[in-house]
Amino acid sequence: MWVDRLTGEQLRELPELVSPGRYWTAATTLTLNGHTPDFSGLLVDDDGQHCQLGDQLRSFSLPSQADTASAELLFKAISTIDAESQQGSSLVSPLMPAAIVDDQGHLQQFEERLLQVVRQGHLHRISQRPRLDMHYEDEVTDIARARRLSKGALVHLASHSEHWQRQTLSGVIPRKVMARFSEDDYGIYENRVYARLLDKIDRYLRARLSTLTSLQATLQQAMEFYRSPDIHYRLARSVCDIWGMTFDRDATSKVTELLSKTLGTLQSLHKTIRELRQSGLYTLVDRNARVENGLHRTNILSHDPDYRHLAILWDLLGRAQAGARLTAEERFNRNKVLAEAYSRYAGLVLRRALQPYLAGKAQGTWAGRYLRLRQQRLDWELVIDGATPAEESVLLTVVPWLTCATPSVQTLPANRFIAWPAVGQELPEDAFAGQWIPLSPSDMYCEERFGLLVDRTLQRLLLDKYCQPLEKVPTAVLSLAASPSELHVDQHAKTVQLRNALPEGPLAQLHGALRSANAIKLSNDLLRRNEEIEALETCPVCARKAPLVFQSPAGFKASCEECGSDRYLRGEKGKREFEQLLSGAHDFRTLGRRGWAVRVDG
């Protein structure tokens with residue numbers, strides 16, 4: 001039995017086209033692609049399209065070639081953050097690690113050598129004046145075309161009288177002869193190495209340019225937070241604090257300059273390689289001619305002043321791409337480890353987003369409830385504990401899916417969100433794309449997106465309960481509840497509605513009265529409602545107290561004098577709307593998690 005991680009549903013059979021990382025199984029007796037017996041756990045690919053489980057043959061959906069370089073950068077970033085996170089107890093920055101930027105921002109050893117070889121003109125000289133071999137071929141042809149006779153030309157002519165023009169007393173005048181023709185042979189081994197090396201360099205530089213372009217976009221986004229007048233200073237300060245755990249403003253500016261310089265150098269190299277592939281020797285070598293990874297060190301490759309640089313570049317490029325030569329089983333295990341690291345990365349961002357509620361921990365008390373963030377397989381759940389395990393409630397489920405796929409239309413439970421890295425895709429202007437939430441170290445808003453998701457989930461829980469009356473209140477308690485202005489009493493319906501947080505004295509008095517009347521559940525509900533309102537009075541933007549002002553029929557207004565935020569709950573029970581404004585707006589790009597609106601069904 002398989003579990004579709006996106007929907008949470010169980011499947012008996014996998015679809016014909018399998019998305020890597022989407023399906024999970026407890027245990028099977030099947031062997032995956034001949035290298036993993038008794039397969040269990042997460043079904044990921046081994047970088048190939050082939051997906052054979054036992055005698056069942058299916059296909060993996062793989063990323064496009066254009067997304068491969070960006071995906072590799074993502075994998076390196078996730079692995080680095082995961083290693084750093086597991087070494088210490090603090091919540092590390094979820095943004096692009098400095099080690100990745102520093103490593104990728106400098107020219108690699110292969111690139112420095114390639115730049116040197118290109119500047120010295122070795123590749124151009126090979127292209128314009130290549131080594132070649134002479135290819136000789138004997139052919140019967142008209143006497144007018146013959147420039148050189150083959151060794152057996154006379155014997156051939158003597159035995160083929162049909163090639164005679166006429167016979168004279170002195171001999172034969174030929175009409176056709178066996179001639180030897182020669183032509184230049186550019187397909188020698190060393191020239192094939194040259195052509196295939198250019199192909200390898202072209203693919204390598206395309207990938208590197210894609211990686212550096214992605215990094216440059218991340219750094220430019222960081223600089224935008226430092227200097228953009230549109231972005232609210234609280235959002236800018238929050239994001240820059242997280243980014244500052246990796247780089248400060250001056251370091252960001254210097255790295256941006258270094259990256260631009262490296263990018264310019266590689267773009268120039270790529271242009272040169274493209275020109276070499278469109279002219280000279282490259283066009284004369286068979287495109288289908290292949291060369292094994294292990295070069296034969298011929299005399300030309302070892303001693304020729306130009307050709308010897310081909311072998312050096314070939315070896316350096318092979319070392320730079322050492323990961324591409326893993327076995328299928330090693331690639332499968334690598335992808336499985338990456339999926340697990342991405343899951344832990346999602347947990348890191350969730351814990352950081354929950355800091356206003358749980359102070360960076362995975363569990364704690366908030367608004368009279370015990371909150372827990374727990375991991376279920378690779379998914380994360382935000383849970384409220386009940387009196388018994390059966391009474392616990394899952395408020396939010398986040399499914400981290402390391403994929404290059406684009407969001408699809410899925411019918412998902414309202415509290416289920418898919419976190420995906422959005423590789424090669426334009427990020428949504430809003431925090432989410434439906435129930436898909438981007439999650440990548442390249443996204444400066446990654447913590448803000450999860451913060452808004454957490455805020456909506458937990459604040460909606462409080463908003464649903466606001467103005468929910470205590471029912472069947474004992475008559476003796478109703479008269480006692482009539483005096484505090486924070487309460488609204490309905491004598492006829494025998495209900496008490498808590499509209500504002502009660503001071504400690506009246507709360508203790510009313511709580512004691514309920515317990516004396518043996519209304520234990522009502523007394524606990526009273527304390528819970530009061531703690532919920534106290535949590536609502538805490539400003540989500542600056543954490544200062546902002547008292548609620550009740551607005552009929554079942555709403556409120558709360559204005560914070562410290563940060564200037566305004567919150568409104570409007571409408572009747574069952575169809576209310578909540579709005580949180582900062583500077584009169586709730587735009588995610590400029591405010592992040594500090595401004596939003598949502599419908600409240602309770």
| task | Begin from the C-alpha positions of R449 and R593 and carry the test side chain to side chain contact (heavy atoms under 4.5 Å, CB included) through to its verdict. | result | CA-CA 7 Å; R449 296 181 195 277; R593 68 191 292 181; over 6 Å; no
Lys/Arg N to Asp/Glu carboxylate O, [X] vs [Y], below 4.0 Å:
X	Y	value
E531	R369	no
R352	E447	yes
E392	R374	yes
D430	R589	no

Less than 6.0 Å separating the ring centroids of [X] and [Y]?
X	Y	value
F417	F432	yes
W401	Y342	no
Y23	W2	no

Drop me the distance from [X]'s [atom1] to [Y]'s [atom2], to the nearest 0.5 angstrom.
X	Y	atom1	atom2	result
L32	D38	CG	CG	12.0 Å
L382	L458	CG	CG	5.5 Å
E84	M245	CD	CE	8.0 Å
N415	R456	CG	CZ	12.0 Å
D45	N335	CG	CG	5.0 Å
L439	L74	CG	CG	9.0 Å

Between [X] (side chain) and [Y] (backbone), is there a donor-acceptor pair under 3.5 Å?
X	Y	answer
Q580	R594	yes
S343	L378	yes
N500	F550	no
T25	M1	yes
E577	R570	no

| said: Does atom NZ (K573) have a neighbourhood of more than 12 heavy atoms from anything else shown, all under 6.0 Å? | reply: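 Counting other residues, nucleotides and ligands, NZ of K573 exceeds 12 neighbours.
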| How about Q56: does its CD atom have over 12 heavy atoms from other parts shown lying under 6.0 Å from it? |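 Counting neighbours around CD of Q56, more than 12 heavy atoms of other residues, nucleotides or ligands fall under 6.0 Å, so yes.
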Does the side chain of [X] reach to within under 4.5 Å of the side chain of [Y], using non-hydrogen atoms?
X	Y	value
D82	Y345	no
K336	E340	yes
L373	Y357	no
Q497	R499	yes
R344	Q86	yes

| request: Mind running side chain to side chain contact (heavy atoms under 4.5 Å, CB included) on Q363 and L371 for me, showing each step along the way? | output: CA-CA 5 Å; Q363 55 191 7; L371 283 179; over 6 Å; no
| task | If a pair satisfies side chain to side chain donor-acceptor pair (under 3.5 Å) and one of its residues is in residues 478-491, list it, with sequence neighbours excluded. | result |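 Checked against side chain to side chain donor-acceptor pair (under 3.5 Å) - neighbours excluded - no pair reaches residues 478-491.
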| message | Does V398 form a side chain to side chain contact (heavy atoms under 4.5 Å, CB included) with L453? I'd like the steps, not just the answer. | response | CA-CA 10 Å; V398 175; L453 179 61; 4.1 Å; yes
Under 3.5 Å, which donor-acceptor pairs do the side chains of residues 215-222 form with other protein atoms, sequence neighbours left out?
residue	atom	partner	partner atom	Å
Q216	NE2	S260	OG	3.2
T218	OG1	S214	O	3.2
T218	OG1	S442	O	3.4
Q221	OE1	M444	N	3.1

| side-chain contact (heavy atoms from CB on, under 4.5 Å) partner of P97, the single match among I81, V92, D102 |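 Of the listed options, the one satisfying the test is I81.
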| message | For residues 445-486, which residue pairs pass the ring-ring contact (aromatic ring centres under 6.0 Å, His included) check, not counting sequence neighbours? | response |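 Sorted pair list: F225-Y445, Y445-F588, Y466-F556.
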Side-chain polar contacts of residues 513-524 - donor-acceptor pairs under 3.5 angstrom, sequence neighbours left out - could you list them?
residue	atom	partner	partner atom	Å
S516	OG	G512	O	2.9
K521	NZ	D525	OD2	3.0
S523	OG	I520	O	2.5
N524	ND2	I520	O	3.4

| query | What salt bridge (charged side-chain N to carboxylate O under 4.0 Å, His left out) pairs are there with at least one residue in residues 406-426, not counting sequence neighbours? | reply |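 Checked against salt bridge (charged side-chain N to carboxylate O under 4.0 Å, His left out) - neighbours excluded - the pairs reaching residues 406-426 are D379-R416.
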Are [X] and [Y] linked by a side-chain donor-acceptor pair shorter than 3.5 Å?
X	Y	answer
D566	S559	yes
S238	D241	no
K545	T538	no

Please tabulate, for the side chains in residues 10-22, all donor-acceptor contacts under 3.5 angstrom to protein atoms that are two or more places apart in sequence or on a different chain.
residue	atom	partner	partner atom	Å
E13	OE1	R58	NH2	3.2
R22	NE	D4	OD1	2.9
R22	NE	D4	OD2	3.3
R22	NH2	D4	OD2	2.9

| said: The test is side chain to side chain contact (heavy atoms under 4.5 Å, CB included); show your working for W243 and M223 and say whether it passes. | reply: CA-CA 10 Å; W243 180 252; M223 291 303 296; over 6 Å; no
| message | Between T590 and D587, does the side chain to side chain donor-acceptor pair (under 3.5 Å) criterion hold? Intermediate values first, please. | response | CA-CA 6 Å; T590 58; D587 174 48; 2.9 Å; yes
| task | Take R234 and E448 through the salt bridge (charged side-chain N to carboxylate O under 4.0 Å, His left out) test and state the conclusion after the steps. | result | CA-CA 12 Å; R234 288 185 179 273; E448 291 293 316; over 6 Å; no
| said: If you apply the rule side chain to side chain donor-acceptor pair (under 3.5 Å), what do you find for Q459 with W596, and how did you get there? | reply: CA-CA 11 Å; Q459 294 293 325; W596 51 282; over 6 Å; no
